[in-house]
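We name chains A, B, ... by the order of the sequence lines, and we start the count at 1 in each one.
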Amino acid sequence: MSLKIATWNVNSIKARLPNVLEWLEEAKPDVALLQEIKTVDENFPVMEIEERGYNCAVHGQKSYNGVAILSKHPLSDVTTGLPGDKDDDQARYVEAWVEAGDDSVRVASIYLPNGNPVDTDKYPYKLKWMDRLAGRAKALLHNEEPVVLGGDYNVIQADGDCYDPAAWADDALFKPETRAKFRTLLNLGYTEAWRTLHNETHVYSFWDYQAGAWQKDNGIRIDHLLLSPQAADRLAACEIDKGPRGKTKASDHTPVWCELTA
DNA sequence: ATGCCGGGCGAAGCCCGA
């Protein structure tokens with residue numbers, strides 16, 4: 001048996017609903033981790049998504065942020081919010097156990113802060129959020145379960161993950177401190193699924209709406225699936241699906257998915 | 001090119017994203 005787990009920053013579930021429903025029917029992920037739903041829980045389109053055979057766990061917020069987990073299998077043990085700062089009211093983390101027999105897995109949908117401009121409090125917020133994520137990621141390893149931490153990490157890991165490294169050098173997504181924090185996650189024992197299976201550079205998951213970035217393939221790869229050892233042992237495939245980015249009324253991100261074989 | 005699009009909010013124009 002196997003499980004297809006995808007992550008996608010949809011940039012508003014309200015504006016993107018037709019695209020998301022079409023993608024669910026075409027790509028048929030077993031689990032979909034969504035970010036930037038930009039709505040409160042009460043306005044999440046649960047009915048339309050349940051009609052397609054998915055259960056929903058939603059951690060929403062008015063206007064900004066917001067994350068969700070969609071799953072064809074039952075969800076349990078749902079937790080919302082990233083531990084470590086009771087004053088943080090931004091909806092950027094939701095976690096759940098996917099009940100799928102031998103394919104069961106713990107998943108989290110992550111919307112890591114952008115951090116720009118770097119000379120404001122947004123950048124230290126990003127770095128502290130990454131420390132908190134590392135704390136949660138480390139705690140999850142103690143359970144020795146398959147875990148998939150998927151989402152918009154807002155981290156460019158290396159020169160080959162963006163179209164112009166010089167242009168990104170001082171950006172919050174690419175600064176050395178940011179990349180070091182990301183490596184801390186990997187050094188805990190997590191595997192970045194796409195890079196593990198692919199050697200190519202200049203393959204992206206985000207293209208700006210502006211300046212013909214999509215047409216010129218001026219993108220960055222910032223949407224990642226991080227796997228615990230027990231999940232990495234099951235990794236059979238990981239791909240970036242550029243299809244949704246080319247549709248009308250597209251999100252500026254495109255889905256990334258992996259297949260775990262039990 | 002730290003905003004050229006595109007979304008939210010709310011009903012014009014500003015905030016935000018990467």
Side-chain angles (χ1 to χ4, degrees), chain A residues 7-21 23 33-45 58-68 88-93 109-130 133 150-179 181-182 194 202-224 240 242 244-256:
Chain A
T7 180
W8 190 13
N9 179 324
V10 297
N11 185 18
S12 169
I13 190 62
K14 184 181 172 190
R16 215 65 58 213
L17 187 58
N19 302 49
V20 171
L21 295 179
W23 170 70
L33 310 172
L34 306 183
Q35 301 87 38
E36 275 207 276
I37 61 172
K38 291 186 170 179
T39 189
V40 292
D41 295 7
E42 307 84 77
N43 291 337
F44 192 82
V58 181
H59 184 34
Q61 180 181 339
K62 183 180 169 69
S63 305
Y64 304 115
N65 309 317
V67 286
D88 184 4
D89 55 4
Q90 299 189 29
R92 297 177 174 276
Y93 186 90
S109 180
I110 289 166
Y111 179 41
L112 205 147
N114 177 299
N116 283 304
V118 296
D119 59 351
T120 68
D121 55 4
K122 289 172 188 266
Y123 192 54
Y125 172 69
K126 175 178 190 152
L127 296 178
K128 282 179 190 160
W129 205 94
M130 295 182 83
L133 179 60
D152 176 1
Y153 278 78
N154 272 314
V155 175
I156 301 165
Q157 297 177 74
D159 285 2
D161 293 318
C162 62
Y163 63 93
D164 181 3
W168 289 93
D170 298 321
D171 194 279
L173 279 66
F174 196 54
K175 284 175 71 70
E177 299 92 319
T178 305
R179 286 183 278 159
K181 296 279 188 200
F182 189 85
W194 193 86
H202 305 96
V203 179
Y204 309 125
S205 66
F206 168 92
W207 298 259
D208 202 289
Y209 286 122
Q210 302 176 88
W214 168 248
Q215 289 76 11
K216 292 187 277 191
D217 198 27
N218 288 348
I220 52 179
R221 193 172 68 88
I222 56 174
D223 298 273
H224 307 304
I240 298 175
K242 289 177 74 173
R245 184 61 181 84
K247 305 261 183 177
T248 55
K249 262 187 89 67
S251 169
D252 39 8
H253 295 252
T254 214
V256 182

### Task
Would you indicate what A:Ile156 reaches in the nucleic acid, counting non-hydrogen atoms under 4.0 angstrom: base, sugar-phosphate, or nothing?
nothing
### Message
Among residues at least two apart in sequence or on other chains, which ones pass salt bridge (charged side-chain N to carboxylate O under 4.0 Å, His left out) with A:Arg16?
### Response
none
### Message
If you count heavy atoms of other groups shown closer than 6.0 angstrom to CG of A:Asp217, is the number above 12?
### Response
yes
### Message
Which is more 5' along DNA chain B, the nucleotide nearest A:Arg92 or the one nearest A:Thr39? Just name the residue.
### Response
A:Thr39
### Query
With under 30° as parallel and over 60° as perpendicular, where do the rings of A:Tyr153 and A:His224 fit, or are they tilted in between?
tilted
### Residues which pass ring pair (Phe, Tyr, Trp, His ring centres under 6.0 Å) with A:Tyr111, listed by chain and number, not counting sequence neighbours
none
### Query
Expressed in whole Å, how much space separates the P atoms belonging to B:dG17 and B:dC4?
16 Å
#### Entry: Whole-Å gap separating P (B:dC5) and CD (A:Glu36)
19 Å
### Query
Excluding sequence neighbours, so at least two apart, what forms ring pair (Phe, Tyr, Trp, His ring centres under 6.0 Å) with A:Tyr123?
none
### Query
Taking the same atom, P, in B:dG7 and in B:dT2, what whole-Å distance lies between them?
22 Å
### Task
Determine the Euclidean distance between corresponding P atoms of B:dC5 and B:dG10; express it in Å to zero decimal places.
25 Å
### Contacts of type salt bridge (charged side-chain N to carboxylate O under 4.0 Å, His left out), residue A:Asp223, not counting sequence neighbours
none
## Note on the structure
Taken to the nearest whole Å, OH/A:Tyr111 to P/B:dC16 is 12 Å
### Query
Hey, does A:Asn154 reach any base, or is it just sugar-phosphate, or nothing, if we go heavy atoms under 4.0 Å?
sugar-phosphate
### Summary
When rounded to whole Å, the CG to P distance for the pair A:Asp171 and B:dG17 reads 12 Å
### Query
Whole Å only: how far is the CG atom of A:Asp208 from the P atom of B:dT2?
11 Å
### Query
Across the strands shown, which category fits A:Asp170 at heavy-atom distances under 4.0 angstrom: base, sugar-phosphate, nothing?
nothing
### Query
Listed by chain and number, what are the side-chain hydrogen bond (donor to acceptor under 3.5 Å, both in side chains) partners of A:Tyr204, not counting sequence neighbours?
none
### Query
Whole Å only: how far is the CG atom of A:Leu173 from the C1' atom of B:dC16?
14 Å
### Task
Using only heavy-atom distances, determine whether the side chains of A:Tyr93 and A:Asp88 contain a donor-acceptor pair under 3.5 Å.
no
Between protein and nucleotides 6-8 of chain B, what N or O pairs are separated by less than 3.5 Å?
residue: B:dG7; atom: OP1; partner: A:Arg16; partner atom: NH1; Å: 3.2
residue: B:dG7; atom: OP1; partner: A:Lys249; partner atom: NZ; Å: 3.4
residue: B:dG7; atom: O3'; partner: A:Ser12; partner atom: OG; Å: 3.2
residue: B:dG8; atom: OP1; partner: A:Ser12; partner atom: OG; Å: 2.6

### Task
Mind running a 4.0 Å heavy-atom check of residues 115-126 of chain A against DNA chain B and sending the residues that fall below it, in number order?
A:Asn116, A:Lys122
#### Entry: A:His253: partners by ring pair (Phe, Tyr, Trp, His ring centres under 6.0 Å), with sequence neighbours left out
A:Phe206
### Query
Contact class for A:Asn218 (heavy atom, under 4.0 Å): base, sugar-phosphate, or nothing?
nothing
### Query
What's the CG-P distance between A:Asp252 and B:dC16, to the nearest Å?
17 Å
### Task
To the nearest Å, give me how far apart CD (A:Gln210) and P (B:dA1) are.
13 Å
### Query
Does anything in residues 118-130 of chain A pair up under salt bridge (Lys or Arg N to Asp or Glu O under 4.0 Å), and if so which pairs, sequence neighbours excluded?
none
### Task
For B:dG3 and B:dC15, measure between their C1' atoms and round to the nearest Å.
12 Å
